Amino acid sequence: MRNTFLVFGNPQIEEDEIREVVDCLRSGWISTGPRVAQFEELFKAYIGSKHALALNSCTAGLHLSMIVAGLKPGDEVITTPMTFAATANAILHTGASPVFVDIELSSMTIDPGLIEEKLSPKTKAILPVHLCGRPCNMDRIMEITKKHNLLVIEDAAHAIETEYKGKKIGTIGDMTVFSFYVTKNLVTGEGGMVTTDNDEYAEKIQTYGLHGMSKGAWRRYSDEGFKHYQIIFPGFKYNMMDIQAALGIHQLKRLEAGLARREKIWKRYDEAFKDLPLVTPAPPEKNTRHARHLYTILVKLEDVKADRDTIQQALHEENIGTGIHYISLHLHEYYRERYGFKPDDFPKALYVSERTISLPLSTKLTDDDVQDVIDAVRKVMDRYSR
Ligand SMILES: *Cc1c(COP(=O)(O)O)cnc(C)c1O
């Protein structure tokens, strides 16, 4: 077995961004400034959206999007329980409620066929999550939102490179939110971005993300002369720093190469696990591009003598770090108690919660690391097979 621990989601940081961060520090302009503006321009060009607004996290972007969407206490937003807590917490922060809709088993994303029965007069928006880098069924979602006059705000934390029928994620819904957290496909330490084609939303996200100060306030100490500002909304401190953008500018250039590398690792995993009592990810749907953010296996509990946690622990003991994406939100204490959920209220999300394990997929993995993961998974699954 491997003699050092393989960390799950290890970020790949290279000399270009290290140099840029050092240059940024030396420049003295370390908070929101020219590098954030540059990163926004580059990101906008990559996605093909009219606007891109950099923030200090995806969570911040989700929160601001909910505010910009005009959510009020008592409103409802349709979303998936198979996601990270930030998705639904952002809805709660406005006083609105998430209304969960179960997933499809093969895609693990929200089942559009179940959305309409959950709509009510209080529904204001749909918040789909492109889980693991796989796009949701956006045709169906957009059709429902048009018919019922709802907004679409997408959680694209896993989906920077994702495409749906020739369109990049980030150009379809009203607002789309990306994450640059350390484990994501592009990392700035902490960071996020909202893309939109709507001028009013863009302006509000920028303003509300920096205390609600009137436009361009970051320039007020520049050589253009001091500028007074007005507070036009009780905003938040959600701005991205130039130190973070310094990382993003260079990470962005390597996105496509990174995806190509992860596709190779993905294929090796698919090949290596064919005969084991586990389900490998479904191939991407036709006319879509999968961002290959998370390689998740589902343990076939019916065919093994252990539960998922035991198998995950055994992999850990083989020095392989893994993740769980996710334990469905309806099983978490706060949601369970507030909304009175029972485990089988969302049977497919429950099914995945009990079986899923995410394997290392960082571009930092060497071919030998990948082989170590394969060997460990094979060894552990053989041990527990019935
Ligand atoms: C990581 C993640 C977030 C939160 O991103 P941050 O940048 O850490 O705030 C939101 N949703 C999903 C699905 C995520 O994986």
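Note that this is a predicted model, so its numbers are computed, not measured.
- Remark: E161 does not engage K168 in a salt bridge, criterion side-chain N to carboxylate O under 4.0 Å.
- Few gaps surround CD on E337; more than 12 heavy atoms of other groups in view lie less than 6.0 Å from it.
- Looking only at atom types and distance, the side chain of T356 has no donor-acceptor partner in the side chain of Y326 under 3.5 Å away.
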### Query
Could you walk me through whether N239 and T32 pass the side chain to side chain donor-acceptor pair (under 3.5 Å) check?
CA-CA 7 Å; N239 53 309; T32 311; 2.7 Å; yes

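- Ring pair F273/Y269 is parallel by interplanar angle, where below 30° counts as parallel and above 60° as perpendicular.
- A donor-acceptor pair is defined here as one N or O able to donate and one able to accept, closer than 3.5 Å; such a pair exists between the side chain of N56 and the backbone of K237.
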For residues 98-110, dump all side-chain donor-acceptor pairs below 3.5 Å to protein atoms at least two apart in sequence or in another chain.
unit_1, atom_1, unit_2, atom_2, d
D102, OD1, A349, N, 3.0
D102, OD2, K348, N, 2.9
E104, OE1, S107, OG, 2.7
S107, OG, T109, N, 3.2
S107, OG, T109, OG1, 2.8

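- The number of heavy-atom neighbours closer than 6.0 Å to NZ of K44, taken from other residues, nucleotides and ligands shown, is above 12.
- Side-chain rings of H316 and F5 approach one another, their centers coming within less than 6.0 Å.
- A salt bridge links D369 to R2: one of the charged nitrogens lies within less than 4.0 Å of a carboxylate oxygen.
- By the salt bridge (charged side-chain N to carboxylate O under 4.0 Å, His left out) test, E15 is found to be paired with no residue, residues two or more places apart in sequence or in another chain being considered.
- Of the charged side-chain nitrogens involved, none lies within less than 4.0 Å of a carboxylate oxygen, so that E76 and K118 do not count as a salt-bridged pair.
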### Query
Are E285 and R134 close enough, and set up right, to give a salt bridge (Lys or Arg N to Asp or Glu O under 4.0 Å), and what steps lead you there?
CA-CA 8 Å; E285 288 73 14; R134 182 190 304 275; 3.3 Å; yes

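- Taking both residues in full, the closest heavy atoms of P11 and V182 are given as CB-O, 3.5 Å, listed atom of the first, atom of the second, then distance.
- More than 12 heavy atoms of other residues, nucleotides or ligands sit less than 6.0 Å from atom CD1 of I67.
- Side-chain rings of F8 and H325 approach one another, their centers coming within less than 6.0 Å.
- A salt bridge does not link E271 to R268: none of the charged nitrogens lies less than 4.0 Å from a carboxylate oxygen.
- Hydrophobic cluster membership is shared by L151 and V194, with clusters built from Ile, Leu, Val, Met, Phe, Trp and Tyr side chains linked at under 4.5 angstrom.
- Between E17 and R254, at least one side-chain N (NZ, or NE/NH1/NH2) sits under 4.0 Å from a carboxylate O, which counts as a salt bridge.
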### Query
Given the rule in the salt bridge (Lys or Arg N to Asp or Glu O under 4.0 Å) test, do R378 and D275 qualify, once you have shown the distances and angles that lead to the verdict?
CA-CA 9 Å; R378 293 200 60 88; D275 56 333; 3.0 Å; yes

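- Note: the hydrophobic cluster containing V377 also contains L361 (ILVMFWY, side chain heavy atoms under 4.5 Å, direct or indirect links).
- Heavy atoms of other residues, nucleotides or ligands lying less than 6.0 angstrom from CD of E333 number 12 at most.
- Checked against the 6.0 Å centroid threshold, H93 and H63 count as a close aromatic pair.
- Y295 and L131 fall into different hydrophobic clusters, where Ile, Leu, Val, Met, Phe, Trp and Tyr residues are linked whenever their side-chain heavy atoms come under 4.5 Å apart, directly or through other members.
- In this structure, Y181 places its OH atom where only 12 or fewer heavy-atom neighbours from other residues, nucleotides or ligands lie under 6.0 Å away.
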### Task
Would you please test E154 and H130 for side chain to side chain donor-acceptor pair (under 3.5 Å) and show each step?
CA-CA 8 Å; E154 295 162 63; H130 305 294; 2.8 Å; yes

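- With a 6.0 Å cutoff to the six-membered ring centre and a 45° limit on the axis angle, R355 counts as a cation-pi contact of Y351.
- In this structure, a donor-acceptor pair under 3.5 Å is present between the side chains of D155 and T87.
- The hydrophobic clustering, which links ILVMFWY residues whose side-chain heavy atoms are closer than 4.5 Å, places L255 and M193 together.
- Aromatic ring pairs are classed by plane angle as parallel below 30°, tilted from 30° to 60° and perpendicular above 60°; the pair F341 and H330 is perpendicular.
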### Query
Under the side chain to side chain donor-acceptor pair (under 3.5 Å) criterion, do H51 and E203 qualify, and how do the steps go?
CA-CA 9 Å; H51 302 281; E203 169 104 32; over 6 Å; no

### Task
Go through the steps to decide whether Q312 and T322 satisfy the test side chain to side chain donor-acceptor pair (under 3.5 Å), and finish with yes or no.
CA-CA 7 Å; Q312 187 189 26; T322 59; 2.9 Å; yes

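- At a cut-off of 3.5 Å, with distance as the only test, no side-chain donor of Y384 or D303 sits close to an acceptor on the other residue.
- With respect to the salt-bridge test (charged N to carboxylate O, under 4.0 angstrom), the residues K204 and D199 do not qualify.
- Ring pair F43/F39 is perpendicular by interplanar angle, where above 60° counts as perpendicular and below 30° as parallel.
- Within 6.0 Å of the CG atom in N149, the count of heavy atoms belonging to other residues, nucleotides or ligands does not exceed 12.
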#### Entry: CA sep, side-chain torsions, deciding dist, call: K122, D75, salt bridge (Lys or Arg N to Asp or Glu O under 4.0 Å)
CA-CA 5 Å; K122 297 181 202 156; D75 288 344; over 6 Å; no

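- The hydrophobic clustering, which links ILVMFWY residues whose side-chain heavy atoms are closer than 4.5 Å, places I78 and V68 apart.
- Ion pairing between a basic and an acidic side chain is recognised when a charged N comes within 4.0 Å of a carboxylate O; E143 and K146 show no such pairing.
- With respect to the salt-bridge test (charged N to carboxylate O, under 4.0 angstrom), the residues R261 and E256 do not qualify.
- Enclosure of atom CZ in R26 is not indicated, since only 12 or fewer non-hydrogen atoms of other residues, nucleotides or ligands lie within 6.0 angstrom.
- Rounding to the nearest 0.5 Å places CZ of R262 at 5.5 Å from CG of L259.
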